[in-house]
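Just so you know, ligand 1 is whichever comes first in the structure, and atom 1 is the first atom listed for that ligand.
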Amino acid sequence: MKHKNTAQAVRARFRAASVHLEQNYYSFLALGLKRWLRVNQKSYQNPIALPFFVVNQGFAGVCCLRVFSKLHWQSFWSDAHAWDSADDSSDVDAIDLSDYSDNEEEKRLKIVLLGCGQVGKSTLFKQFQELFAPCQDRPIHYKPIIHNNVIASMQSLIRKGTSLEPSCDETVLSSQKTIDAWNRDQPLQEAEAKHVDLVWRDPTMQQAWALRDSYQIGDNLEYFANKIEELTAPGYVPSVLDQMQAEVRTMGVTKSEFTVLNRKVLLVDVGGQRSERRKWVHEYNEVDCVVFVVNLNGYNRMLWEDSTQNRLLEDLRCFENIINVPLFKNTPFCLIFNFRDLFKPKIESWQWDVHAGELSRYLPSPLIGLVRDYVAPLGAPLSALFPDYKGGADYEQALAFIREKFLQLDRRPQKLMTTMTTCMLDPGEARQCIHQIMSSVIPFFYLPWA
Ligand SMILES: Nc1nc2c(ncn2[C@@H]2O[C@H](COP(=O)(O)OP(=O)(O)OP(=O)(O)O)[C@@H](O)[C@H]2O)c(=O)[nH]1
Ligand SMILES: [Mg+2]
């Protein structure tokens, strides 16, 4: 934006400054109020003191905020000086103040969700939408996805179950055949629920479910199979948790824009499968925060797209590539360790041999595969993947070890990094996560309900 004279340019700059002030004012005020109420539990009962506090603290806070965070007073004055010099040479039009324009694009914050496949990026994306852009029509779109998930997972379960002993009785076998013939894109009918229920409750099928770490099957099957009658009822509308549990592999890039405390935020979700990762590079420009999601539960599982590669090792490789991208040298990262709910019991239930990592040195690999298949229901040792891990079945130690493995890969001079451990299905934990992410892009960000 070009300005014809001094007064106009100065006015524009003050207008731009006031926009910045306004953007941070409310979050600061809310934060200050909460802190003040905590400190002065008695005096806030005095109704006269409260308005004074709000005005006082608000003003002082805004001043501090501007100095220490994003107001760029320094560039304000140096630009003004540059403008003065330009004025001297009568070249007023040469001054470009577009960085302070009221342009909506300029104010938009960009947050990018990265990570390998099935780590929970889209679940976090959905939690963001649920919080900042709820939509009444959205739940119904998840019904066919949920039905598709149930059919696909039941078919995998049956494939695994048929290789196990004892074989199922005639009625279960007949239901298995029926399910095998289902088209995944057709919705499930009410009368079909009984086949899912019968097969799911069969002891041999439960044995196949217990071995789920050794083949590809959706983690959400247990949740959906236990409420199959509700899912197939005619008026079924998926609940928020049903929507979070539903899985669709993201292809390409999905974006959503919403307003948070007066700021426009652009959230970008990408597909995490190997074939999708080459598209990520188009989203690397002008990123305000990278959220990298890791599936903790993948430490004893193989990739969906390559059954010879361990998921956690793939997460580490992928993270190393992303964190050291030169464009992200000064970009804040939020590293999220997801699937805490499945990881914790798996690590803790490992009783059998904390030294199994040692075994891999002495046993031939087919035998290791066999051992892994049979010990999976009992949990699995982290030392099988990382022989240098000595924490056994202790959840905190296992988590700290994995966290350290990731942090070691950050070779940037300024390590702008926040780490979190979460279960993204839990709305409370997801909110805390969102709060952390937003705090890294908006100074003094405050979500009253987080
Ligand atoms: N148990 C459990 N399941 C989770 C958690 N987070 C996500 N999920 C489930 O994991 C599955 C995959 O999650 P998505 O969010 O679709 O994974 P993604 O990273 O977007 O995967 P791609 O789109 O393939 O890259 C879904 O069924 C989610 O419900 C978690 O913390 N715990
Ligand atoms: Mg996805």
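Within the 4.0 Å heavy-atom cutoff, G115 does not count among the residues contacting ligand 1. Ligand 1 lies within reach of D341, whose nearest heavy atom is under 4.0 Å from it.
Screening V112, L114, L124 for a side-chain contact (heavy atoms from CB on, under 4.5 Å) with V291, the sole residue that qualifies is L124. Partner of K405 under the salt bridge (charged side-chain N to carboxylate O under 4.0 Å, His left out) criterion, chosen from D410, D388, D315: D388. Partner of N297 under the side-chain contact (heavy atoms from CB on, under 4.5 Å) criterion, out of L342, I347, V119: L342 alone.
In terms of N/O distances under 3.5 Å, ligand 1 is approached by M424. Note: no N/O pair closer than 3.5 Å links G271 and ligand 1 by distance alone. Below 3.5 Å of separation, one finds no N or O of R340 facing any N or O of ligand 1. Taking any N or O of S122, backbone or side chain, at least one lies under 3.5 Å from an N or O belonging to ligand 1. Considering backbone and side-chain atoms alike, G120 places an N or O below 3.5 Å from some N or O of ligand 1. Where the criterion is an N or O separation shorter than 3.5 Å, residue side chain and backbone included, M244 meets it with respect to ligand 1.
Under 2.8 Å from the Mg ion (ligand 2) lies no N/O/S atom of Q118, from backbone or side chain alike. For a distance bound of 2.8 Å, the N, O or S atoms of S122 include one lying that close to the Mg ion (ligand 2).
Atom-to-atom distance recorded for D202:CG and D197:CG is 11.5 Å, nearest 0.5 angstrom.
Under 4.0 Å from ligand 1, not a single heavy atom of E276 appears. At a 4.0 Å heavy-atom cut-off, ligand 1 touches N220 through the side chain alone. Counting heavy atoms closer than 4.0 Å to ligand 1, residue V293 contributes nothing at all.
Atom 19 (O) of ligand 1 has as its closest protein heavy atom K121 NZ, 2.8 Å. Annotation: atom 6 (N) of ligand 1 to nearest protein heavy atom, N338 ND2, 3.0 Å. Here the protein heavy atom with the shortest distance to atom 3 (N) of ligand 1 is F339 CE2, 3.3 Å.
Less than 4.0 angstrom separates some heavy atom of Q273 from each of these atoms of ligand 1: 24 (O). Here is the list of ligand 1 atoms found below 4.0 Å of a heavy atom in V119: 17 (O), 18 (P), 19 (O). Contact atoms of ligand 1 toward T123: 7 (C), 13 (O), 14 (P), 15 (O), 28 (C) (distance under 4.0 Å to a heavy atom of the residue). Interface of L342 with ligand 1, defined as ligand atoms under 4.0 Å from a residue heavy atom, comprises 1 (N). Residue Q245 approaches ligand 1 through these ligand atoms, each under 4.0 Å from one of its heavy atoms: 26 (C), 27 (O), 29 (O). Of all atoms in ligand 1, listed by their number and element, those nearer than 4.0 Å to a heavy atom of R249 are 23 (O), 24 (O). Atoms of ligand 1 lying under 4.0 Å from at least one heavy atom of G272, given by number and element, are 22 (P), 25 (O).
Taking each heavy atom of K227 and S239 in turn, the nearest pair found is NZ-OG, 4.5 Å. Taking all atoms of both residues into account, the shortest heavy-atom contact from Q155 to W182 is NE2-O, 3.2 Å.
Considering only heavy atoms from C-beta on, I217 stays 4.5 Å or farther from K160 through its side chain.
A donor-acceptor pair shorter than 3.5 Å can be found between the side chains of Q309 and R317. For S122 and T250, the side-chain atoms include at least one donor-acceptor pair closer than 3.5 Å.
Ring pair Y299/F343: centre-to-centre distance below 6.0 Å. Two rings, from F337 and F406, have their centers less than 6.0 Å apart.
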